[in-house]
Structures are given as C-alpha cells and as structure tokens.
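Before any comments, here is the structure.
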There are 2 protein chains.
Amino acid sequence: MGDTRRQILAVALQLFSENGYFNTSVHDIKRAAGLSIGAIYHHFSGKESIAQALHELLVERMSALLEERVAAAATVCERSRWIVADLFALAETEPTVMRFILHARHQEFLPDAPPICSTRPFQLLLKLVEEGMGTGEVRALEPTVGAAALFGGALRLIHLHLDGMLPAPLASYLDDCCDCGWRAVAA
Amino acid sequence: MGDTRRQILAVALQLFSENGYFNTSVHDIKRAAGLSIGAIYHHFSGKESIAQALHELLVERMSALLEERVAAAATVCERSRWIVADLFALAETEPTVMRFILHARHQEFLPDAPPICSTRPFQLLLKLVEEGMGTGEVRALEPTVGAAALFGGALRLIHLHLDGMLPAPLASYLDDCCDCGWRAVAA
DNA sequence: GTCTATAATTTGATAGAC
DNA sequence: GTCTATCAAATTATAGAC
C-alpha cells in the first residue's frame with residue numbers, strides 16, 4: 001500500500017538533493033522511478049505537491065528524532081550534545097534528507113511552507129535553551145541568540161559537510177564543536 | 001558607460017532575491033528594467049551570465065568590506081566584532097545583497113562557482129581565527145571548527161533576519177551575539 | 001492504477017531592422 | 001545599442017485507452 005507513492009518520494013528526494021528542485025522535471029522523476037507520467041500524476045497533483053509531501057515527511061521525521069533527545073532526563077548540556085550528535089549522524093548517513101531540510105530554499109518552491117526556522121525541530125532547540133535558562137545552566141540571553149550560539153556552529157559544519165568542504169567526517173568534530181557551543185552560552 | 005548593464009544587474013538582483021533565480025525569467029528582468037530582450041542579450045550572454053556577474057560583483061564587494069576590517073590593527077576579538085557588525089549592517093541595509101550571497105543556492109544555477117564557503121570572504125574569517133591561535137587569543141582548535149563557532153551564531157541570526165523571523169533589528173543582538181562567539185573560542 | 005499521446009505555456013535565446 | 005518578432009525546446013499537466 002502506498003508503495004508506488006513511497007518510491008516516487010524516494011526518487012524525488014534523491015533528484016532534488018542532487019540537482020535541485022528546479023533542475024528536476026517530472027519527466028526526470030518518472031524516468032528515474034521507472035514509472036510513467038500518468039502514475040505520478042495519479043499519486044500527486046503535481047511536482048510541487050511531491051515536494052510538499054516530502055517536506056512534511058522529513059520535518060516530521062527530524063522532529064521525532066530531536067523530541068526523543070529533548071525528552072531525555074539529563075542536563076541541558078548533555079541533551080544539546082546528543083542533539084548535535086544526531087544531526088551529525090543524519091547528515092553523514094542521509095545527506096539527501098539533511099540537504100532537503102536544511103538548504104532547499106523551501107520558500108522558493110513551497111510558497112506556503114513556513115521558513116525552516118519556525119518549524120518544530122527548530123522550535124525545540126529554542127525551547128531547550130529556554131529550559132536551560134530556567135535551571136540556571138544557561139546564562140540569561142535572548143533565547144534566539146542563545147540557540148543561534150549553541151547550535152550555529154554545528155549547523156555551519158553540517159553545511160560545510162554537505163558542500164563537501166570538510167576533509168574529515170563530521171563526527172570527528174563533535175567534541176570540539178559541542179564544547180564551543182556550550183562555552184558560548186554556559187552560565 | 002555601462003549604465004544599462006548596471007541597471008540590468010540591479011533589477012536582476014532585486015528579482016532573484018525576491019522570487020529566486022528560477023522563478024525569474026529573462027522576460028521578467030526585461031519588464032522590470034523597462035528594456036527589451038535584445039538589450040539584455042546585448043550586454044549578457046544569457047540569464048546565467050547575469051547571475052555570474054552578480055555573484056562576482058557581490059562577493060568581491062563583501063570581500064573588500066571584510067578585508068578592511070581584518071587589516072585593522074587591533075585584537076582578533078575586536079576585529080571579529082567589527083566584522084559581525086558590518087555583516088549585520090549589510091544585512092539590514094541591503095538584504096537583497098546578503099540574500100544573494102548567503103542563501104542563493106549558487107551551485108544550482110552556477111555550476112562553475114565554488115561553494116560559498118570556499119570563497120574569499122569566508123576564507124578571511126578562517127584566517128582571522130588562525131591568526132588568533134597564533135597570538136594565543138584563541139585556544140587551540142581545528143580552525144574550521146573555530147570559525148564556525150565564532151561566526152556561526154551571527155550567520156544564523158542573519159538568516160533569521162532575512163527570513164523575517166527576528167522581532168528586533170539585528171543590531172540589537174550584536175553585543176550578546178559577539179559575546180557568545182568569543183566565549184566559544186577564547187583561550 | 002498504470003500507460004501513451006498530446007495539449008498549453010513558458011522559457012532561454014536568436015535574427016534582423018533601425 | 002536597442003528594438004520587435006519569432007524560434008526551438010522543455011515543462012507542467014491532462015485525456016483517454018487499457
């Protein structure tokens with residue numbers, strides 16, 4: 001059930017990530033999936049609809065990943081580290097997912113999608129920082145600034161990794177990266 | 001001299017920044033510039049050529065901006081702060097320029113352009129961090145990690161600003177943002 | 001549900017007059 | 001250098017048989 005649909009999404013993700021949304025035509029997707037145009041338009045109302053489904057699916061998935069971490073009973077420092085570790089791992093094992101979520105310019109082809117930063121995964125990061133301020137682990141800061149400082153370095157490294165600009169695996173930077181992030185906001 | 005050319009570039013920047021490169025046709029540029037197709041193709045070999053010229057121009061401009069700051073005789077900490085202040089100011093006064101440089105997916109429409117991170121402005125940030133390690137101001141770190149930590153937070157805030165997600169002007173976050181960045185890497 | 005064939009637009013780009 | 005008119009190709013999407 002929904003097997004063809006899933007395959008369309010998988011192929012589309014691959015192509016969007018590889019060549020970009022606008023450099024991928026429905027015919028490209030059709031070809032790569034070994035299907036016909038008709039089959040695709042039976043499952044989706046159009047190319048934008050495919051991107052939209054993909055966006056919801058992947059944001060939801062990342063949300064679940066982070067929520068697990070945020071819910072864990074531990075210090076904010078430890079949780080932030082696990083979150084970064086998860087993000088690094090995801091970027092290594094499924095770069096297409098990371099690329100689509102992070103630097104697909106959703107607003108360019110999904111006019112109705114909210115900016116990535118107002119999406120649940122990013123809200124979770126914000127909430128974590130606010131919680132840290134509540135417990136006194138994190139010093140008093142505009143929460144937005146705190147979240148940017150705590151996770152901004154990690155996100156930059158992920159971008160660099162996706163662009164193929166890092167010589168070593170992301171994981172090898174984990175310790176230093178988290179250390180930097182924490183020093184930035186620690187009380 | 002080169003007046004028409006400049007106008008084409010200005011209009012293209014505006015439209016690219018507003019709607020994205022792929023949602024902007026040469027006919028759109030023609031219309032917005034009050035010119036004809038012929039005039040545009042006389043000055044540029046095509047749409048991609050316009051984007052390329054724009055890319056070179058703006059990266060060069062940002063490069064000059066940063067180089068001025070990096071050359072100033074002061075501590076690495078102070079210089080990094082000035083750089084962030086300049087970037088914030090540019091993002092406020094010329095968001096189209098910042099948008100084009102930062103989050104236009106250059107590789108999608110300029111296959112020959114190097115990734116933005118390997119471009120001179122970003123190399124300067126890296127060099128600044130390395131210099132700080134030399135003088136002992138910055139603790140020993142993989143330079144890439146250090147640069148990501150020192151400027152990652154600021155870049156995130158700029159992205160948020162460009163997405164209209166910041167309630168207050170960027171400048172109001174400058175002090176806290178720079179403080180966070182410096183704590184992350186200070187020796 | 002999947003196919004082929006095709007319609008309707010749009011796009012990047014060229015030709016040639018002025 | 002700028003214009004208008006036009007082309008060729010590609011793209012999204014639909015129609016209708018099976």
Side-chain angles (χ1 to χ4, degrees), chain A residues 1-57 96 99-100 104-113, chain B residues 1-58 96 100 104-113:
Chain A
M1 215 98 305
D3 204 27
T4 305
R5 190 186 150 94
R6 245 191 303 276
Q7 213 225 332
I8 293 170
L9 288 175
V11 166
L13 171 61
Q14 177 69 27
L15 292 177
F16 289 166
S17 172
E18 217 164 89
N19 311 317
Y21 176 83
F22 291 100
N23 289 321
T24 303
S25 72
V26 181
H27 289 274
D28 292 333
I29 297 173
K30 161 207 98 169
R31 209 173 307 126
L35 291 170
S36 68
I37 286 280
I40 293 185
Y41 276 94
H42 175 76
H43 289 278
F44 297 94
S45 68
K47 182 176 152 184
E48 186 172 316
S49 158
I50 297 178
Q52 200 166 349
L54 218 38
H55 183 249
E56 276 174 36
L57 192 74
T96 56
R99 216 186 309 268
F100 187 84
R105 289 296 312 131
H106 298 122
Q107 304 195 68
E108 267 187 40
F109 58 88
L110 292 179
D112 294 339
Chain B
M1 216 98 306
D3 204 26
T4 305
R5 189 186 152 94
R6 244 191 303 275
Q7 214 224 332
I8 293 170
L9 288 176
V11 165
L13 171 61
Q14 177 69 26
L15 292 177
F16 289 167
S17 172
E18 217 165 90
N19 311 318
Y21 175 82
F22 291 101
N23 290 320
T24 304
S25 73
V26 181
H27 292 273
D28 292 332
I29 297 174
K30 160 205 98 170
R31 209 173 307 127
L35 291 170
S36 68
I37 286 282
I40 293 184
Y41 277 94
H42 174 76
H43 289 278
F44 296 95
S45 68
K47 182 176 153 185
E48 186 173 316
S49 158
I50 297 178
Q52 201 166 349
L54 218 38
H55 184 249
E56 275 174 38
L57 192 73
L58 298 180
T96 56
F100 187 84
R105 290 295 313 131
H106 299 121
Q107 304 195 67
E108 266 187 41
F109 57 87
L110 292 179
D112 293 340

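In what follows, every chain begins at residue 1, and chains take the letters A, B, ... in the order their sequences are listed. When reading the values below, keep in mind they use all heavy atoms of this one structure, side chains included, and skip hydrogens, waters and symmetry mates.
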Rounded to whole Å, please give me the gap between CG in L35(A) and C1' in dT4(C). 14 Å

Would you say T4(A) places a side-chain N or O within less than 4.0 Å of OP1 or OP2 belonging to dT2(C)? yes

Looking at Y21(A), does the NZ or CZ of K47(A) lie under 6.0 angstrom from its six-membered ring centre and within 45 degrees of the ring axis? yes

Residues two or more places apart in sequence or in another chain: which of them pass side chain to side chain contact (heavy atoms under 4.5 Å, CB included) with S45(B)? S49(B)

Distance in angstrom units between F44(B) CZ and dG1(D) P, rounded: 13 Å

By side-chain hydrogen bond (donor to acceptor under 3.5 Å, both in side chains), which residues pair with E56(B), not counting sequence neighbours? none

Who are the side-chain hydrogen bond (donor to acceptor under 3.5 Å, both in side chains) partners of E48(A), not counting sequence neighbours? none

Residues which pass side-chain hydrogen bond (donor to acceptor under 3.5 Å, both in side chains) with S25(B), listed by chain and number, not counting sequence neighbours: D28(B)

Using a cut-off of less than 4.0 Å, is there contact between a side-chain N or O of H43(B) and OP1 or OP2 of dT2(D)? yes

Listed by chain and number, what are the side chain to side chain contact (heavy atoms under 4.5 Å, CB included) partners of Y41(B), not counting sequence neighbours? V26(B), I37(B)

Rounded to whole angstroms, how far apart are NE2 on H42(B) and P on dT14(C)? 14 Å

What's touching nucleotides 10-14 of chain D from the protein side, N or O pairs under 3.5 Å?
| from | atom 1 | to | atom 2 | distance (Å) |
| --- | --- | --- | --- | --- |
| dT12(D) | OP1 | K47(A) | NZ | 2.9 |
| dT12(D) | OP2 | V26(A) | N | 3.0 |
| dA13(D) | OP2 | Y41(A) | OH | 3.2 |
| dA13(D) | OP2 | K47(A) | N | 3.2 |

Nearest whole angstrom, please: distance from the C1' of dA15(C) to the CD1 of I40(B). 17 Å

